[in-house]
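Below is one structure, written out as structure tokens; the observations come after it.
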2 protein chains.
Amino acid sequence: MNAAKGTSVSPGDRGVVDYEHSCEAGPEVGRTIRDVLDRVGDKWSLLVIATLREERMRFSELLRHIPGISQRMLTLTLRQLERDGLITRTAYAEVPPRVEYELTALGGTLVVIARTIGDWAIAHHGEIERSRARYDARRPPHGGAE
Amino acid sequence: MNAAKGTSVSPGDRGVVDYEHSCEAGPEVGRTIRDVLDRVGDKWSLLVIATLREERMRFSELLRHIPGISQRMLTLTLRQLERDGLITRTAYAEVPPRVEYELTALGGTLVVIARTIGDWAIAHHGEIERSRARYDARRPPHGGAE
DNA sequence: CGGAATCCCTTGGGATACTG
DNA sequence: CAGTATCCCAAGGGATTCCG
């Protein structure tokens, strides 16, 4: 996402973490988390991935299956995913044109992430909602005690 | 990110949450993924979670351990995480003041997500880099054939 | 020390219109 | 059908300053 235009890019940016040992899931998680989050942590990427889990779909199909997305964002997201090698784009030289998208093997591995996240959300969103309500009750938005 | 202020009324926001019939991995994974992504999919939340995996840390410690973050974003992120019940904030009435943050049990469950993401990134970021390079080589950013 | 407030530029992303 | 191109507003987030 961040092209070579960085005016607000800090020197060194998010490349360095003072983690000493880099075991597979150890303390260096920070940098890697940022890395993958910059890639698929946007509003739609994981959603697209999850939507075409294993079936190839056309542009308009995806548009219909992902309710909130605009055609612009679908296009941009698909382009980025294609660039990252997570999906393939196949255009048929027909009229009217037909374009199909499909997960690559690499993209398929991301489904695990999607599932993990989905499972977590399903398991804990209730707790979070309650916690939020409690917090907001203690810290009223604007007024004091009324 | 704006805490209790009530001003953020995003048009077209996904306000519908009917997870009652939550299918564990069906086509509507979308909503759940979006849900958790809206919560911890921002630039710093998962990073903070991963950083204070199990040890309580003070504000300035976190600031030092998460290189790229600004004091402002750390504050906002911590507030949100506290509101969501993912961390606890303990302020000691001393001088100079000392504040410590710690993962809650709920927050601890998020570490699984962080690990999954971290593992995935470690395993595949090389492939992605290569794919990007290949893509960019085929589609030059601005110029024609060079 | 730990924040809260302000400033302000950058980015995300929706709406709409046009094209091959 | 499957995009591209513009416009434009709102959210994200860094830098800086002020405060208990």
Side-chain angles (χ1 to χ4, degrees), chain A residues 1-14 34 37-48 56-82 87 89-101 139 141-142, chain B residues 1-14 34 37-45 47-48 56-83 87 89-101 139:
Chain A
M1 278 305 192
N2 28 6
K5 200 63 187 304
T7 22
S8 62
V9 176
S10 309
D13 202 19
R14 45 88 221 219
R34 285 239 33 82
L37 243 52
D38 284 348
R39 232 161 229 122
V40 294
D42 59 70
K43 203 171 178 182
W44 303 110
S45 288
L46 264 184
L47 216 19
V48 170
R56 46 177 21 210
M57 295 176 72
R58 338 186 17 170
F59 187 86
S60 45
E61 276 187 286
L62 283 167
L63 211 51
R64 261 179 284 113
H65 276 77
I66 309 176
I69 202 170
S70 62
Q71 88 289 48
R72 171 191 144 88
M73 287 320 294
L74 180 55
T75 299
L76 291 178
T77 303
L78 289 170
R79 285 286 167 280
Q80 181 195 277
L81 292 177
E82 187 194 0
I87 64 172
R89 192 190 105 114
T90 312
Y92 298 89
E94 308 171 352
V95 44
R98 176 165 55 103
V99 179
E100 291 187 343
Y101 295 92
R139 277 82 164 181
H142 184 239
Chain B
M1 213 54 109
N2 34 12
K5 202 61 190 301
T7 9
S8 60
V9 273
S10 312
D13 195 329
R14 47 87 227 167
R34 277 290 308 284
L37 243 52
D38 283 349
R39 242 172 265 283
V40 294
D42 59 73
K43 203 171 179 184
W44 302 110
S45 288
L47 214 17
V48 170
R56 48 180 18 213
M57 296 176 71
R58 337 185 17 171
F59 187 86
S60 45
E61 276 187 287
L62 283 166
L63 210 52
R64 261 178 285 115
H65 276 76
I66 310 175
I69 201 170
S70 65
Q71 154 268 60
R72 172 192 143 89
M73 287 319 295
L74 180 55
T75 300
L76 291 177
T77 303
L78 288 171
R79 285 287 166 279
Q80 181 195 272
L81 293 176
E82 187 194 0
R83 186 167 102 105
I87 64 173
R89 192 190 105 112
T90 312
Y92 298 89
E94 307 172 351
V95 46
R98 176 166 54 102
V99 180
E100 293 187 343
Y101 294 92
R139 278 83 162 181

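Here is how names work: the chains are called A, B, and so on, in the same order as the sequence lines, proteins then strands, and each is numbered from 1.
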**Message:** Could you walk me through whether B:D38 and B:R34 satisfy the side-chain contact (heavy atoms from CB on, under 4.5 Å) test, starting with their C-alpha distance in whole Å, then the side-chain angles of each, then the deciding distance to 0.1 Å, before giving a yes or no?
**Reply:** CA-CA 6 Å; B:D38 283 349; B:R34 277 290 308 284; 3.7 Å; yes
In whole Å, I'd like the distance from the [atom1] atom of [X] to the [atom2] atom of [N].
{"X": "B:M57", "N": "C:dG2", "atom1": "CE", "atom2": "C1'", "answer": "15 Å"}
{"X": "B:M73", "N": "D:dA11", "atom1": "CE", "atom2": "P", "answer": "14 Å"}
{"X": "A:L76", "N": "D:dT4", "atom1": "CG", "atom2": "P", "answer": "9 Å"}
{"X": "B:D38", "N": "C:dG12", "atom1": "CG", "atom2": "P", "answer": "15 Å"}
{"X": "B:R98", "N": "C:dG3", "atom1": "CZ", "atom2": "P", "answer": "13 Å"}
{"X": "A:L74", "N": "D:dT4", "atom1": "CG", "atom2": "P", "answer": "11 Å"}
{"X": "B:L78", "N": "C:dC1", "atom1": "CG", "atom2": "C1'", "answer": "14 Å"}
{"X": "A:I69", "N": "C:dG12", "atom1": "CD1", "atom2": "P", "answer": "14 Å"}

**Message:** Quick check for you: to the nearest 0.5 Å, what is the distance between A:R39 atom CZ and A:L46 atom CG?
**Reply:**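 Rounded to the nearest 0.5 Å, the CZ-CG separation comes out at 13.0 Å.
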**Prompt:** If you round to the nearest 0.5 Å, how far is OG1 of A:T77 from OH of A:Y101?
**Reply:**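 A:Y101 OH to A:T77 OG1: 10.5 Å, rounded to 0.5 Å.
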Are [X] and [N] close enough that a side-chain N or O sits under 4.0 Å from OP1 or OP2?
{"X": "A:R79", "N": "D:dG3", "result": "yes"}
{"X": "A:R58", "N": "D:dA2", "result": "yes"}
{"X": "A:K43", "N": "D:dA11", "result": "no"}
{"X": "A:S60", "N": "D:dA2", "result": "yes"}

**Message:** For a quick check of understanding: with a heavy-atom distance under 4.0 Å over all strands, which category does A:Y101 fall into, base, sugar-phosphate or nothing?
**Reply:**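 A:Y101: backbone/sugar contact only, no base atoms under 4.0 Å.
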**Item:** A:L76 side chain reached by A:M73 side chain, heavy atoms, under 4.5 Å
**Value:**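 Yes, close enough: below the 4.5 Å cut-off.
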**Item:** Options C:dG2, C:dG13, D:dG3, nucleotide nearest the side-chain atoms of A:T75
**Value:**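 Of C:dG2, C:dG13, D:dG3, D:dG3 is nearest to the side chain of A:T75.
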**Request:** State which of C:dG3, D:dG14, D:dG3 makes the closest approach to the side chain of B:R89.
**Result:**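 Selected nucleotide (nearest to the side chain): C:dG3.
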Which atom pairs link the protein and nucleotides 16-20 of chain C when you take only N or O atoms and keep those under 3.5 Å?
unit_1	atom_1	unit_2	atom_2	d
C:dT16	O4	A:Q71	NE2	3.2

List the atom pairs, donor and acceptor, that lie under 3.5 Å between side-chain atoms in residues 56-63 of chain B and the rest of the protein, sequence neighbours left out.
unit_1	atom_1	unit_2	atom_2	d
B:R56	NH1	B:Y92	OH	2.9
B:R56	NH1	B:E100	OE1	2.6
B:R56	NH2	B:E102	OE1	3.4
B:E61	OE1	B:R58	N	2.9

**Request:** Please report the closest heavy-atom contact between B:I66 and B:L47, naming both atoms and the distance.
**Result:**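 So the two residues come closest at CG2-CG, 4.2 Å.
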**Request:** Show your working on side-chain contact (heavy atoms from CB on, under 4.5 Å) between B:R89 and B:V99 and close with a plain yes or no.
**Result:** CA-CA 7 Å; B:R89 192 190 105 112; B:V99 180; 3.7 Å; yes
